[in-house]
Amino acid sequence: MSPRERPNTMDNSENKPNVGEEVKSVDTYSVKCQSCGGTMIFDPVSQSLKCEHCGNTVDIIKDHDVKENDILDGFEKATKWDGDEQATYKCKNCGAVVVLNKDEHAALCPFCGTSHIVKGDAFKGLKPQVVIPFSVTESDAERFAKSWAKRRIFAPAKFKKSLNAENIHGVYEPCFTFDSRVEAYYEGRVGDRRTRTVGSGKNRRTETYIVYYRIHGVINKFIDDIYVATNANFPQAKMDKMQPFKAENACVYENKYLSGFMAESYQKDLKDSWEDAKKMIDKIIRAEIKSRHNYDVVDYINVSTTHSDVTYKYVLLPVYFLNYAYKRKSYEVCINGVTGKVAGKTPKSPLRVAIAAVFGLAAAIGIGILLYMLYKS
Ligand SMILES: [Zn+2]
Ligand SMILES: [Zn+2]
């Protein structure tokens, strides 16, 4: 398996401090190793920066004082990602925009593997505010993915034996989280199912009917941390499968955490993401109305929601992307970079699926016969 494409900058003579040249003091932070000039990358085990070349480590003082940001400010703001310290690469094949620290180079797209990747302008837009640093190493992520794949009941035995990881990339995926104080007025018409006996003699039978009634009320609720995915490579369904990401590990964003990893920039902006968040909040409110009134059917329910004190955070989430090759096809598996939780696809053995279907059918028939016998006895 090939490691992530990140050429060792040691090969690049211009990155080595020349003899006699003033070495940068420690407080003006650099991702260069102070003792050998090698590249310092973020080490998930020690949670510090570690030199790839000589093993020298530099502690990171984590700032856990993560702040919520006013959404109206966010709509106006458009700052650059850490000025000139970061570089963006755009994949001409799949459209991914990858952000790296300036000393690092993307040779291959982490998502589609193509080398059609061009260096772009510094990324304009909101700068990440929060990062949940990787705490799972690349080799552990691979191990988790392997044991996960082995437990997949429908995956062919041959696939489980070979488990050929083509590549693995640690990528910080962008998302917005929203908080909102919600006041929701609702009114509607809902119904309960009832049964009654009608007819007489031979025509005596039970029928179901619905009794409708009106409901109304107000829900006051503080909605905390709605996570909205912002990127085609890491859509909502994928993110939801990876949750939770240990929000308690969140730190104020610094580019140090990105060293040795990649980051994607958001594709859906704050405004559109907030629209998505409102739809998710609406679902939460409707679920609460349902649990309050416990009806069987809905004719209609109108909900009028006002949001106040809306805040957002632009968060980078740690995810490993791994691809398994099997019969000339590629299967993507994602590993949560902080919990090790795995989700993804594996090939399916037609035989295993067929056997399961037969067993399922047999079970259904068995239950049918059992119920019939109970009914007759
Ligand atoms: Zn070093
Ligand atoms: Zn690509």
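For ligands, and for the atoms within them, numbers begin at 1 and follow the listed sequence.
- Cation-pi geometry between R196 and Y209 is met: the NZ or CZ atom falls under 6.0 Å from the ring centre, inside 45° of the normal.
- Annotation for K313: atom NZ counts as buried by contact number, over 12 foreign heavy atoms lying within 6.0 Å.
- Taking backbone and side-chain atoms together, H53 has no N/O/S atom less than 2.8 Å away from the Zn ion (ligand 1).
- Angle SG(C54) to the Zn ion (ligand 1) to SG(C33): 110° [nearest 10 degrees].
- Ring orientation note: the planes of Y312 and F178 are tilted relative to one another, at an angle of 30° to 60°.
- Ring pair F134/Y172 is perpendicular by interplanar angle, where above 60° counts as perpendicular and below 30° as parallel.
- Protein atoms that are N, O or S and lie under 2.8 Å from the Zn ion (ligand 2) are these: C91 SG, C94 SG, C109 SG, C112 SG.
- Enclosure of atom OH in Y185 is not indicated, since only 12 or fewer non-hydrogen atoms of other residues, nucleotides or ligands lie within 6.0 angstrom.
- The side-chain hydrogen bond (donor to acceptor under 3.5 Å, both in side chains) check on K67 picks up D65, with sequence neighbours excluded.
- For the residue pair N323 / E332, no side-chain donor-acceptor distance below 3.5 Å is found, with atom types taken as modelled.
- For the pair SG of C36 and SG of C51, the angle whose vertex sits at the Zn ion (ligand 1) is 100° to 10 degrees.
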